Amino acid sequence: MPLLIYNSLTRQKQEFKPIKAGEVTMYVCGPTVYDLSHIGHARSAVAFDVVYRYLKYKGFRVKYTRNYTDIDDKIINRANKDGVAWNEISERYIKAFDEDMAALGVELPNFRPKATETIQEMIGVIQALIDKGFAYVLDGDVYYSVRKFNGYGKLSGKNIEELEAGARVEVDERKEDPLDFALWKKSKHGEPWWDSPWGRGRPGWHIECSAMSQKFLGETIDIHGGGKDLIFPHHENEIAQSEGATGKPFVRYWLHNGFVNIEKEKMSKSLGNILAIRDALNNYSFEAVRLFLISSHYRSPIDYSPDALREAEVALERYYRTLERMEKDWPDVVNAKVNEQRKKQRMQRIINAMDDDFNTAYAAGFIFEEVNTANRLMDSAKTLGTNELEEALPVIKAIFKEAGSFLGVFHRGPQEYFAEKKGNLKVSEEEIARLVLERSEAKKDKDFKKADAIRKELEEKGVLLEDTPKGTVWRMKI
RNA sequence: GGCGGCGUACCCAAGUGGCUAAGGGAGCAGUCUGCAAAACUGCGAUGCAGCGGUUCAAAUCCGCUCGCCGCCUCCA
């Protein structure tokens with residue numbers, strides 16, 4: 001079964017065929033670094049992280065670029081507000097973004113260029129556009145003449161006349177047409193600037209992605225991704241710039257992720273309903289955040305709520321508890337030789353799901369079916385024997401590992417997952433051990449009242465006790 | 001106003017023409033347990049916003065209606 005990808009440009013799922021067989025070039029719009037990243041940025045990053053990982057899993061050599069927009073009005077405004085240099089702001093939030101990505105287990109793209117490191121290339125693209133008649137200079141500014149580009153609107157499905165009619169932008173009277181957008185902005189007093197053939201200035205927003213994707217990936221790239229809100233005008237303008245300058249198709253497959261909503265409304269700065277990535281990670285494991293994000297299709301909107309994250313954490317704990325049980329109770333079985341044919345067969349369901357436009361939610365469903373199978377077989381080992389168990393457990397563990405490699409969830413060891421949770425403990429482990437022992441003594445004496453009191457006391461401190469045949473174990477309450 | 005998307009059980013969510021409508025969470029009952037917890041088993045949509053149509057067959061295609069959301073302005 002081929003890999004199908006929904007292409008925003010054609011509005012349908014298409015079989016994915018890269019330009020060069022076996023090799024994929026992929027560009028994703030990164031953040032404008034003027035504030036902490038929120039859960040919406042996490043969604044985009046995780047969605048394309050999964051795309052990147054899965055393409056690699058499929059055997060493609062992937063060249064993946066994600067930029068930082070480190071020069072922009074918002075950065076300058078923030079710097080003025082804070083009374084610091086603009087690049088202090090951008091550097092601070094690049095660092096914060098990198099930390100958040102690492103904390104989310106997002107793999108590093110091959111190239112992570114900053115806009116300000118690519119100014120010369122941008123100037124080159126702008127010059128090419130001027131030379132070809134797509135752009136014009138106006139007193140130190142350079143504008144793109146939208147009407148000169150034939151395919152304008154093909155990605156967003158808009159036509160120029162309607163845009164014209166509905167234009168809400170403040171019109172710069174000097175522009176030849178209200179829809180024309182800035183490629184280069186003459187620097188105002190006190191603003192950062194770079195030298196250019198048109199005088200000192202700084203780049204417009206859209207030009208950077210055209211320049212950077214060309215520099216690192218070439219004139220025509222396979223995949224370009226970003227949030228749905230970037231379709232217009234950002235990506236529309238990128239197409240106009242890149243195709244205008246090179247005369248070649250810019251992108252073969254456009255991918256756009258849906259939003260994270262809060263209370264059914266888009267999370268955004270202007271509405272003030274932001275959840276920062278690091279705030280989410282304070283309360284939940286990064287895998288729970290990822291599981292929450294991949295439990296819906298990447299193009300659908302998802303509604304954030306504390307409950308939704310909690311449910312993801314509960315599900316994840318169920319998963320790790322099962323894996324822990326497999327490894328602790330059946331160490332020899334679980335590490336026995338994998339029946340490759342069986343594995344391939346079970347794994348194929350997950351691969352089919354992923355091949356269908358990265359249906360991670362469906363894929364995750366199969367993981368939980370395996371969880372159920374493992375538990376069921378372990379439960380019934382005493383009565384039904386271990387034949388089936390011996391064949392299934394190694395396969396199940398291998399599936400977890402393999403699917404985890406591209407989902408970025410389910411791929412750690414249980415001890416690591418649970419150890420991370422113990423970091424939030426409010427009671428010392430020594431104290432817990434002491435109370436557990438005290439309770440065991442009480443249980444031995446049939447003093448169940450005392451035993452229950454201790455269990456209740458610990459539960460109030462967020463520690464749950466479980467009596468197993470091998471003794472009492474404890475874990476963190478979610 | 002223009003363009004686009006969505007509406008599946010108590011909640012989240014997959015499924016977009018054809019086996020018993022995945023999976024997770026919550027609930028109830030049972031097994032296990034001193035009691036719990038965990039795990040397992042069973043129950044739970046004769047039904048996929050509503051109405052009509054196409055078809056041997058529709059949650060899935062078409063039309064209308066209702067409701068929600070997004071883009072058209074910086075935004076992942």
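Remember, it's a predicted structure, so these values are computed and weren't measured experimentally. Every chain is numbered from 1 and lettered A, B, ... according to where its sequence line falls, protein lines coming before strand lines.
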Undergrad: List for me each residue that meets salt bridge (Lys or Arg N to Asp or Glu O under 4.0 Å) alongside A:Lys450, sequence neighbours excluded, and say none if there are none.
TA: A:Glu438
Undergrad: Before we go on, tell me: are the rings of A:Tyr52 and A:Phe48 under 6.0 Å apart, centre to centre?
TA: no
Undergrad: Given the structure, check if the side chain of A:Asn159 and the base of B:C3 hold any donor-acceptor pair shorter than 3.5 Å.
TA: no
Undergrad: Write down the distance separating the P atoms in B:C69 and B:A13, rounded off to the nearest Å.
TA: 15 Å
Undergrad: Could you check how far CD1 of A:Ile71 sits from P of B:C74, rounded to whole Å?
TA: 17 Å
Undergrad: Please list, chain by chain and in numerical order, all residues satisfying ring-ring contact (aromatic ring centres under 6.0 Å, His included) with A:Tyr320, sequence neighbours excluded.
TA: A:Tyr417
Undergrad: My understanding is that only residues two or more places apart in sequence, or in another chain, count here; which of them pass salt bridge (Lys or Arg N to Asp or Glu O under 4.0 Å) with A:Lys470?
TA: A:Asp329
Undergrad: Taking the side chain of A:Asn375 as heavy atoms from C-beta outward, which of B:C71, B:A39, B:C35 is closest to it?
TA: B:A39
Undergrad: For B:C3 versus B:A9, give the span between their P atoms, rounded off to a whole number of Å.
TA: 30 Å
Undergrad: For A:Leu464, report the nucleic acid contact type (base, sugar-phosphate, nothing); a contact means any heavy atom under 4.0 Å.
TA: nothing
Undergrad: Under a plain distance cut-off of 3.5 Å, with no hydrogens placed, do A:Ser285 and A:Glu313 share a side-chain donor-acceptor pair?
TA: yes
Undergrad: As a test of reading the structure: which of B:C35, B:A37, B:A76 is closest to the side chain of A:Arg439, going by heavy atoms?
TA: B:C35
Undergrad: Looking at the rings of A:His256 and A:Tyr6, which for Trp means the six-membered one, are their centres under 6.0 Å apart?
TA: no
Undergrad: List for me each residue that meets salt bridge (Lys or Arg N to Asp or Glu O under 4.0 Å) alongside A:Arg202, sequence neighbours excluded, and say none if there are none.
TA: A:Asp73, A:Glu191
Undergrad: For B:G7, what is the paired nucleotide under Watson-Crick or G-U wobble rules, both distances under 3.5 Å?
TA: B:C66
Undergrad: For B:A26, give the paired nucleotide (Watson-Crick: N1-N3 plus N6-O4 or O6-N4; G-U: N1-O2 and O6-N3; both under 3.5 Å), or none.
TA: none
Undergrad: Tell me: CE of A:Met326 to C1' of B:A39, nearest whole Å?
TA: 14 Å
Undergrad: Counting side-chain heavy atoms from C-beta on, which of B:A37, B:G15, B:A76 comes nearest to A:Asn359?
TA: B:G15
Undergrad: If we call it a pair only when both distances are under 3.5 Å in a Watson-Crick or G-U wobble match, what pairs with B:C61?
TA: B:G53
Undergrad: Over how many whole Å does the gap from A:Asn273 atom CG to B:C69 atom P extend?
TA: 13 Å
Undergrad: Going by purine N1 to pyrimidine N3 plus the second Watson-Crick contact, or the G-U wobble pair, all under 3.5 Å, which nucleotide sits opposite B:C71?
TA: B:G2
Undergrad: How close or far is atom P of B:A13 from atom CG of A:Leu293, stated in whole angstroms?
TA: 13 Å
Undergrad: For A:Val260, report the nucleic acid contact type (base, sugar-phosphate, nothing); a contact means any heavy atom under 4.0 Å.
TA: base
Undergrad: Please report, to 0.1 Å, the donor-acceptor pairs under 3.5 Å made by any side chain of residues 399-411 of chain A, with sequence neighbours excluded.
TA:
residue	atom	partner	partner atom	Å
A:Glu402	OE1	A:Lys343	NZ	2.7
A:Glu402	OE2	A:Tyr57	OH	2.5
A:Ser405	OG	A:Glu402	O	2.6

Undergrad: With respect to the side chain of A:Lys443, which nucleotide from B:G34, B:A14, B:A39 is positioned closest?
TA: B:G34
Undergrad: According to salt bridge (Lys or Arg N to Asp or Glu O under 4.0 Å), who are the partners of A:Glu369, at least two apart in sequence or on a separate chain?
TA: A:Arg349
Undergrad: Using a cut-off of 4.0 Å on non-hydrogen atoms, how would the nucleic acid contact of A:His297 be classed: base, sugar-phosphate, or nothing?
TA: sugar-phosphate
Undergrad: Could you tell me which nucleotide pairs with B:A38 by Watson-Crick or G-U wobble geometry, both distances under 3.5 Å, or answer none if nothing does?
TA: none
Undergrad: Write down the distance separating the C1' atoms in B:U16 and B:A57, rounded off to the nearest Å.
TA: 15 Å
Undergrad: Can you tell me the pairing partner of B:A14 across any strand shown, Watson-Crick or G-U wobble, with both distances under 3.5 angstrom?
TA: none
Undergrad: What's A:Arg299 touching, base or sugar-phosphate or nothing? Going by heavy atoms closer than 4.0 Å.
TA: nothing
Undergrad: Which of these nucleotides, B:G34, B:A37, B:C71, is closest to any side-chain atom of A:Asp467?
TA: B:G34
Undergrad: Show every salt bridge (charged side-chain N to carboxylate O under 4.0 Å, His left out) that has at least one partner inside residues 225-239 of chain A, sequence neighbours left out.
TA: A:Asp229-A:Lys266
Undergrad: Where the side chain of A:Lys158 is concerned, which of B:G2, B:A37, B:A76 is the nearest nucleotide?
TA: B:G2
Undergrad: Can A:Arg112 and A:Tyr68 be counted as having a side-chain donor-acceptor contact under 3.5 angstrom?
TA: yes
Undergrad: Can you name the atoms? Protein N/O to nucleotides 22-25 of chain B N/O, anything below 3.5 Å, with the distance.
TA:
residue	atom	partner	partner atom	Å
B:A22	O2'	A:Glu369	OE2	2.7
B:G24	OP1	A:Arg318	NH2	3.2
B:G24	N2	A:Glu311	OE1	3.1
B:G25	O2'	A:Glu311	OE2	3.4

Undergrad: Considering only the C1' atoms, how many Å lie between B:A59 and B:G7, rounded to the nearest integer?
TA: 11 Å
Undergrad: Fit a plane to each ring of A:His206 and A:His234, take the angle between them on a 0 to 90° scale, and name the class: parallel (under 30°), tilted (30 to 60°) or perpendicular (over 60°).
TA: tilted
Undergrad: Would the number of heavy atoms belonging to other residues, nucleotides or ligands and lying under 6.0 Å from CG of A:Asn150 be above 12?
TA: no
Undergrad: Sticking with atom P, work out how far B:C6 lies from B:G47, rounded to a whole angstrom.
TA: 24 Å
Undergrad: Report yes or no: do A:Tyr362 and A:Asn352 form a side-chain donor-acceptor pair below 3.5 Å?
TA: no
Undergrad: Where along residues 446-461 of chain A does a heavy atom come under 4.0 Å from RNA chain B, residue by residue in number order?
TA: A:Phe448, A:Asp452, A:Arg455
Undergrad: Quick one: which of A:Thr118, A:Thr69, A:Thr116 gives a side-chain hydrogen bond (donor to acceptor under 3.5 Å, both in side chains) with A:Glu208?
TA: A:Thr69
Undergrad: What is the base-pairing partner of B:G44, counting Watson-Crick and G-U wobble geometry with both distances under 3.5 Å?
TA: none
Undergrad: Roughly how far apart, to the nearest Å, are B:U60 and B:A49 at atom C1'?
TA: 15 Å
Undergrad: Is the distance between the ring centroids of A:Phe16 and A:Tyr253 under 6.0 Å?
TA: yes
Undergrad: Just the atom pairs and distances: protein N or O near nucleotides 17-19 of chain B's N or O, under 3.5 Å.
TA:
none

Undergrad: Any side-chain hydrogen bond (donor to acceptor under 3.5 Å, both in side chains) pairs touching residues 299-310 of chain A, not counting sequence neighbours?
TA: A:Arg299-A:Asp357
Undergrad: In whole Å, what separates the C1' atom of B:G17 from that of B:C74?
TA: 43 Å
Undergrad: By nearest nucleotide on RNA chain B, pick out whichever of A:Gly40 and A:Leu465 is the more 5' one.
TA: A:Leu465
Undergrad: Which residues within residues 377-408 of chain A lie with some heavy atom under 4.0 Å of an atom in RNA chain B?
TA: A:Asp379
Undergrad: Expressed in angstrom and rounded to an integer, what is the separation of A:Asn261 atom CG from B:G7 atom P?
TA: 14 Å
Undergrad: Could you give the CG-to-C1' distance, from A:Leu316 to B:C12, as a whole number of Å?
TA: 16 Å
Undergrad: Of A:Cys29 and A:Ser156, whose closest RNA chain B nucleotide lies nearer the 5' terminus?
TA: A:Ser156
Undergrad: Taking atom P in both B:C32 and B:C10, what distance in whole Å separates the two?
TA: 32 Å
